[in-house]
Amino acid sequence: MSPKKKKRSIRQLADKKKKEMTKKKKSVSVREPRIIKNEKYIPHLLRGMRDILPVDRIYWDFVNNRAKAIAAVYGFERIETPTIEDYNLFERGTGMTSEVVEKQMYDFIDKGGGHICCRPEGTPSVVRAYIEHGMFNLPQPLKLYYYGSMFRHEKPQAGRLRQLHQFGVEVIGSEKPIIDAQVIMLSRAFCESLGLNPIIEVNSIGCSVCRKVYRRKLTDYFKFRRKQLCSDCQRRLEINPLRILDCKEKECQELSKKIPQIIDYLCVDCHNHFTRVLEYLDEAGASYELNYRVVRGLDYYTRTVFEVFVSRPQIESQLQPLLSVIEEKEQEKIESKTAIAAPIQDGQRLAIGGGGRYDNLVEILGGKPTPACGVAFGLDRIVEELKIQNIKLPKARGPQVFIAQLGDMARQKALKIFEVLRKDGFRIAENFSKDSLRAQLETAHRLGTKLCLIIGHQEVLNNTIIIRDMLSGSQEIVDQDKIAKELHKKIK
Ligand code: HAM
């Protein structure tokens, strides 16, 4: 397609979107609030959203802590950007031809008439902040990391949520291939620190100059097979044929297997850049697979792109036959509430992360030409994978001591002792809402505390407390002002 035609079709898409939004705006302004006064209202989780319950906290803390640790080791600083941003940031940044912007935006008109959205990803926000806060004046490259919720209005299914959580890192301000290699190595290190075995598929999609040549080749290739493409891909062929390579339809995937390889169309600079990235990885002994069909689904990528998958050797063989017999309908049943409960297959593997170089994004968003590279991981998929693979997590440090009380006066005193010991740095637990000693000791057992302080009416009057060894059952009475000293001796 001629550049003029392409420009026109992108503009047409933009105009169409604007018209849709204006229509929406009108309908929003006339919409009456729903009256639920006399209706029985049962609140429920929105489709594709998720509550992270305490029972899963151990997984999330583990993943977030490992993310933080890896980011620190590689010299990244944390940045937090808002969940809600201007819609245009993603239309320009993530790109009009990306599936995310085309179909999955959580966008709406706010009360002030602004067209805003819940962020679908973190990269454009980080770049916006980089430009807006003049971070280009800081020593470059700048290394930033983030984690938080992203929103994509997808059809919820296993592994595909509408509210997803990502951990991402961005290196802004260097075009050096060593940066690409290090971001890939960081990705590997992050997965390994979680006990996962990553497979990293790498490719180069060149720069805007050489990609043009390749796109022409790709268009020629698909043009003759147009009818075999799904309706979405027939449209993609006009706008951005590279998107066809991301299509999950079987027929389109089959056709994509025989496409011309992009590596043969890279210009000298892009070819050299990619060669250096691979040499760095080889030299560092970091394994990867070359896959010329990895193009990534977001419009801003240039040169190096990669996807991170997890391999689960034992599980894959058990799961594969199972998955293939789950019929569409049944798959639908697992939708929504338990959406993340079963693994999905992206091709053959579960994609837990993806990234690459985006040398034009800073300029597209109004900054000076600034090269950059990054990666983001889907934490929901990672947490699920940890469970599926039954990965042993480090045990959380439980409380060291439990305080039990009997009677009103004792409860009052216990509340105060709890605070004193907490300030002294003890990990102390209680169950003040219970009256019976038995129920309280059961809680202490459940929490696995080795020591229990017991205070009753008599102890309050004597200014003493009982220290009970929960294992042996032996008890001793100590003065209340010596509790900390005695506990220190016993806990060491
Ligand atoms: P992405 O490939 O769109 O890249 O998303 C990264 C990861 O987020 C995916 O590999 C996947 O694990 C997870 N993910 C994506 N969509 C969903 C979903 N609907 N439900 C659950 N998990 C999902 C980006 O977002 C880029 N910003 C990455 C990047 C950073 N490139 C350069 N810097």
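The structure displayed is predicted, hence computed values, not measured ones. Start at 1 with the first residue, then count along the sequence. Both ligands and their constituent atoms are indexed starting at 1 by order of listing.
- Annotation: Phe190 is in aromatic contact with Phe167 [ring centroid separation under 6.0 Å].
- Asn88 and His115 are not linked by any side-chain donor-acceptor pair at a separation below 3.5 angstrom, with hydrogens and angles left out of the test.
- No donor-acceptor contact under 3.5 angstrom links the side chains of Asp264 and Tyr214, judged on distance only.
- Close contacts of ligand 1 with Gly159, meaning ligand atoms under 4.0 Å from a residue heavy atom, involve 20 (N), 21 (C), 22 (N).
- Any N or O atom pair closer than 3.5 Å counts here, and Arg152 shares at least one such pair with ligand 1.
- Under a 4.0 Å heavy-atom criterion, Ala372 is not in contact with ligand 1.
- A pairwise comparison of heavy atoms in Gln140 and Tyr130 identifies OE1-OH, 2.7 Å as the closest pair.
- Close approach of ligand 1 to Ala376 is summarised as follows: ligand atoms under 4.0 Å from at least one heavy atom of the residue are 6 (C), 7 (C), 28 (C), 29 (C), 30 (C).
- Ligand 1 is approached by Gly353 to a heavy-atom distance shorter than 4.0 Å.
- A cation-pi contact, defined as under 6.0 Å to the ring centre and within 45° of the axis, is absent between Lys217 and Tyr265.
- If you run salt bridge (Lys or Arg N to Asp or Glu O under 4.0 Å) between Glu99 and each of Arg243, Arg152, Arg236, only Arg236 comes through.
- Applying the salt bridge (charged side-chain N to carboxylate O under 4.0 Å, His left out) test to pairs two or more places apart or on separate chains, those with a residue in residues 183-210 are Arg188-Glu192, Glu201-Arg349.
- Residue-level proximity to ligand 1 for Leu164 is carried by the side chain, the only part with a heavy atom below 4.0 angstrom.
- Interface atoms of ligand 1 facing Tyr300, defined by a heavy-atom separation under 4.0 Å, are 26 (C), 27 (N), 31 (N).
- Considering backbone and side-chain atoms alike, Glu307 places every N or O at 3.5 Å or more from each N or O of ligand 1.
- Taking any N or O of Gln166, backbone or side chain, at least one lies under 3.5 Å from an N or O belonging to ligand 1.
- Listed by number with element, the atoms of ligand 1 under 4.0 Å from a non-hydrogen atom of Gly355 are 31 (N).
- Geometrically, ligand 1 and Ala351 share a nitrogen or oxygen pair separated by less than 3.5 Å.
- Heavy-atom proximity to atom 19 (N) of ligand 1, evaluated over Arg160, Arg162, Glu154, is greatest for Glu154.
- No cation-pi contact links Arg66 to Phe62, judged by a cut-off of 6.0 Å to the six-membered ring centre and 45° from its axis.
- Across Arg160, Lys103, Arg162, Arg47, a single residue satisfies salt bridge (Lys or Arg N to Asp or Glu O under 4.0 Å) together with Glu154, and that is Arg160.
- The proximity of Arg296 to ligand 1, defined as any non-hydrogen pair under 4.0 Å, is limited to the side chain.
- Among the atoms of Glu170, some N or O lies under 3.5 angstrom from an N or O of ligand 1.
- Taking every heavy atom of both residues into account, Tyr74 and Met185 meet most closely at OH-O, 3.9 Å.
- Residue Met150 does not touch ligand 1, judged by heavy-atom distances below 4.0 Å.
- The Tyr301 neighbourhood of ligand 1 comprises atoms 26 (C), 28 (C), 29 (C), 31 (N), 32 (C), with distances under 4.0 Å to a heavy atom of that residue.
- At a heavy-atom cutoff of 4.0 Å, ligand 1 is contacted by no atom of Phe309, backbone or side chain.
- Using a 4.0 angstrom heavy-atom cutoff, Leu161 counts as in contact with ligand 1.
- The shortest non-hydrogen separation linking Val63 to Leu386 is CG2-CD1, 3.6 Å.
- At a 3.5 angstrom cut-off on N or O pairs, Leu298 does not count as close to ligand 1.
- Applying the salt bridge (charged side-chain N to carboxylate O under 4.0 Å, His left out) test to every pair with at least one member in residues 121-130, sequence neighbours left out, gives these pairs: Glu85-Arg128, Arg128-Glu132.
- Contact atoms of ligand 1 toward Gly354: 10 (O), 28 (C), 29 (C) (distance under 4.0 Å to a heavy atom of the residue).
- For the pair Arg78 and Tyr147, the cation sits on the ring face: its NZ or CZ lies under 6.0 Å from the ring centre, inside 45° of the axis.
- Distances below 4.0 Å separate heavy atoms of Gly378 from the following atoms of ligand 1: 7 (C), 8 (O), 12 (O), 13 (C).
- In terms of N/O distances under 3.5 Å, ligand 1 is not approached by Tyr358.
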